[in-house]
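Hydrogens, waters and symmetry mates are skipped; everything else that's a heavy atom, side chains included, is used. All chains are named by letter (A, B, ...) in the order of the sequence lines, taking the proteins before the strands, and each is independently numbered beginning at 1.
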Number of protein chains: 2
Amino acid sequence: MTQGTQGKGATTSTLWDRTRQLAAQEILQTALRLFTQQGYDETTIAQIAREAGVSQRTLFRYFGTKEDLIGGSEEGFVTLLTETVRKQPVDAGAWEALRAAFKAALSLHTSPEQALERFRLVHHTDSLRAAYLGKRVRCQEELLPLLEARLAPSGTDRGQARAIVATAFACFDAATATWLEGNGQGDILDLYDEGLAAVRS
Amino acid sequence: MTQGTQGKGATTSTLWDRTRQLAAQEILQTALRLFTQQGYDETTIAQIAREAGVSQRTLFRYFGTKEDLIGGSEEGFVTLLTETVRKQPVDAGAWEALRAAFKAALSLHTSPEQALERFRLVHHTDSLRAAYLGKRVRCQEELLPLLEARLAPSGTDRGQARAIVATAFACFDAATATWLEGNGQGDILDLYDEGLAAVRS
DNA sequence: GCCCGGTTGGCAGCGACTGCCAAACCGCTT
DNA sequence: AAGCGGTTTGGCAGTCGCTGCCAACCGGGC
């Protein structure tokens, strides 16, 4: 699929599958527009395909599921988190590493307004929220071994490491929920710190 | 639906919708059997209906969705948790109340073996896990106001209360995951305590 | 016997998603 | 210019979960 022609140029090759990327973006924008305009459940794949000028079949070839049309591919997200954690200095604790990962994830959004809009959409649509939560736990599982290494010195076992990772994500979600409730007031990371502080009082 | 005939008898009325309950249980057992035998995704509603001796249509009338065939109705679960929290003594803190609620929830399972089997099924099926997580956050939202009351005296704001509830559930999930990994070894509540202790070290 | 509220079953239909096959397309060679 | 191989695309039919609608049914009160 993506490799076909990926010769020497480290840049985006053949100016042909740049068209492909463009098509993908076109689909994505159309989908996001319709979702915010009329809601996720009220928007059908058929409509998105029609308005984006592609067939339903190819839409499903670009994005495997309807949920993938929001939040982009899961892989990118996961690797960003894992790489960020891995890059943290060895003397940084698990909590610091996780905080850094969340910070990196938040920096993906182009603007707070866009983030707010997207968070709202995900938060208010049951199916989307469920999908997000699924991704989240897969993330946790991926991160677990990395953080186990940082935790081992202090005699923390696997179950405890899992609890720590889960707690970090839970507080992050709580922070975004609170942020959403306040219509984007304040900084998510600050809310995260406050929440975690309350937990670890 | 359920009220139709619910006269004076506080017991299960009219010996007629006892048949209904029986039918419901029949469907549930069939579904659970098939799920564990051949997997959730591989089992179709048509098959369950056929083997349970009802039409697809009535199956959907008893259980609104395929996911409802596992873990029973959400309402029952939610009310159990909220009632348990509400019943806790006023001087009990939020953490104690949540722990009591988890304990009550765990006591719903008839046997550890059955719990293990069911947890495994949910944990290993993406769609089921997503559905469970969705229920979980709805639970959290329901519980939030109750615990806010217990937390208010110590000057905890809403965002922090949310973080605390989310953390408790996260640690509970981590505990069940660890319990599952150890094939049902030990006690979930003990694992929960250990995880929470590590978090709040 | 008869009507009546509530239950059931069958059918048609929707929306997400997949497999399959033929047509279109791109870049390359002759 | 014509041909060719590999990839991409579109259309079609089919599956599965789920819903609305309507006709048939069943137990109980008049």
Return the nearest nucleotide to the side chain of B/T58; candidates are C/dC17, C/dT8, D/dC21. C/dT8

Base, sugar-phosphate alone, or nothing: which one does A/Y62 contact when heavy atoms must sit under 4.0 Å apart? sugar-phosphate

Regarding the side chain of A/R61, the nearest nucleotide among D/dC18, C/dA16, D/dT9 is D/dT9

Whole angstrom value for the distance that separates P of C/dC17 from CG of B/D41: 13 Å

Touch check for A/T43, heavy atoms < 4.0 angstrom, all strands: base, sugar-phosphate only, or nothing? sugar-phosphate

Any side-chain N or O of A/R20 below 4.0 angstrom from OP1/OP2 of D/dT9? yes

Checking C/dC17, D/dG10, C/dG15 against the side chain of A/K66 (C-beta onward), the nearest is C/dC17

Are a donor atom and an acceptor atom from the side chains of A/Y192 and A/D173 found within less than 3.5 Å of each other? no

Closest to side chain of A/F60, choosing from C/dT18, D/dC18, C/dG10: C/dT18

Within a radius of less than 6.0 Å around CD of B/E42, do more than 12 heavy atoms belonging to other residues, nucleotides or ligands occur? yes

B/Q47 atom CD is separated from D/dC18 atom P, nearest whole Å, by 16 Å

Using whole Å, report how far CD of A/Q56 lies from C1' of C/dC17. 9 Å

Among the candidates D/dT19, C/dT18, D/dC18, find the nucleotide nearest to the side-chain atoms of A/R57. C/dT18

B/R50 CZ to C/dG10 C1', straight-line distance once rounded to whole Å: 16 Å

In terms of side-chain heavy atoms, does B/Q140 have a donor or acceptor partner in B/R136 at a distance below 3.5 Å? yes

CD of B/E26 versus P of C/dT8: gap in Å, rounded? 14 Å

Between A/S127 and A/T125, do the side chains contain a donor N or O and an acceptor N or O under 3.5 Å apart? no

Check the distance between C/dG15's P and A/E67's CD and give it to me in whole angstrom. 17 Å

In terms of side-chain heavy atoms of B/T44, which of D/dT9, C/dC20, D/dC16 is nearest? D/dC16

Just checking, any donor-acceptor pair under 3.5 angstrom between side chains of A/Q114 and A/T110? yes

Would you kindly give the CD1-to-C1' distance between A/I48 and C/dA16, to the nearest whole Å? 11 Å

Measure the distance from CG on B/D126 to P on C/dA16 and round it to the nearest whole Å. 20 Å

